[in-house]
Amino acid sequence: MSSDKSVIYDYEKLLDRLYKLVPEPASSGERFEIPRPVTIYVGSVTIIKNFREIADRMKREPELLGKYLLKELATSGDYEESSGSFRLNVKVSSSSLYQLIERFAKSYVICPTCGRPDTYIKKTGRLWILKCEACGAEQPLKPI
Ligand SMILES: [Zn+2]
């Protein structure tokens, strides 16, 4: 029988495996930094060049972040998939945009229980829940 050897466990190897199963300690010191919006202006239009990068950092769909910005700024605009940029039909400074994006992160990304950004949005019809992968907490959200 060739399977005989498979029942002999190497104690050290087993221990090693157990250690690997223990989750890494939460790296609470690690900072969650959102890239600053890189903007260009064409007349009264603002283009956020690194829009996809910003959304990716927060693990959110660019369309969702875009919808939030348009609502907050009460303007119209579009996300351009091919370039990953966002066009706003209003002139907004990069720092104002950054503040808005931070506010978005606070409400729709950061877990209010543990403060980690490892979350996702669970949508059940009009019910939105912010689910944290780090601590498991759930927080109802206001749909955008
Ligand atoms: Zn959490």
Side-chain angles (χ1 to χ4, degrees), residues 3 6-144:
S3 61
S6 64
V7 292
I8 304 163
Y9 290 120
D10 182 331
Y11 180 72
E12 273 194 293
K13 259 186 197 154
L14 199 68
L15 209 66
D16 200 46
R17 254 193 75 213
L18 277 174
Y19 277 126
K20 272 176 195 151
L21 289 174
V22 176
E24 304 250 307
S27 46
S28 51
E30 179 201 315
R31 283 201 55 200
F32 174 59
E33 267 188 82
I34 303 162
R36 297 243 161 206
V38 177
T39 49
I40 53 168
Y41 301 96
V42 183
S44 59
V45 167
T46 306
I47 296 163
I48 309 170
K49 301 270 286 173
N50 58 340
F51 193 75
R52 182 166 38 218
E53 192 194 333
I54 294 168
D56 280 355
R57 182 71 186 87
M58 297 189 278
K59 292 189 218 117
R60 290 296 176 269
E61 289 154 18
E63 289 82 2
L64 184 78
L65 177 61
K67 217 172 150 193
Y68 177 83
L69 291 184
L70 294 181
K71 203 175 161 188
E72 290 298 307
L73 294 164
T75 187
S76 57
D78 290 292
Y79 172 59
E80 201 189 83
E81 181 97 56
S82 58
S83 61
S85 63
F86 200 88
R87 188 174 52 86
L88 288 160
N89 294 323
V90 71
K91 213 168 179 176
V92 203
S93 72
S94 174
S95 58
S96 300
L97 286 170
Y98 190 66
Q99 275 176 22
L100 277 175
I101 293 163
E102 277 194 312
R103 222 196 289 164
F104 172 86
K106 235 180 191 173
S107 310
Y108 294 94
V109 182
I110 306 283
C111 169
T113 305
C114 73
R116 300 286 305 151
D118 313 309
T119 61
Y120 61 93
I121 297 173
K122 217 163 68 177
K123 294 178 193 171
T124 316
R126 280 160 69 192
L127 190 74
W128 287 22
I129 286 168
L130 186 73
K131 172 91 180 155
C132 179
E133 289 179 299
C135 76
E138 290 189 353
Q139 171 83 6
L141 289 178
K142 206 173 114 205
I144 298 169

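Counting begins at 1 with the first residue of the sequence. These numbers were taken from a predicted model, which means no experiment stands behind them. All heavy atoms count here, side chains included; hydrogens, waters and symmetry mates do not. Just follow the structure's listing: the first ligand is 1, and inside any ligand the first atom is 1.
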Could you pull out the closest heavy-atom pair between I121 and Y108, with the gap in Å? CD1-O, 4.0 Å

Are the side chain of N50 and the backbone N or O of R36 linked by a donor-acceptor pair below 3.5 Å? yes

Would you mind telling me which of L73, L69, L88 makes a side chain to side chain contact (heavy atoms under 4.5 Å, CB included) with T46? L88

Distance-only, no hydrogens or angles: does the S94 side chain make a donor-acceptor pair with backbone N or O of P37 under 3.5 Å? yes

Main-chain N/O of K131 paired to K122 side chain as donor or acceptor, under 3.5 Å: no

The Zn ion (ligand 1): protein N, O or S atoms that are less than 2.8 Å away, sorted by chain: C111 SG, C114 SG, C132 SG, C135 SG

Is there a donor-acceptor contact under 3.5 Å from the side chain of T119 to the main chain of V109? yes

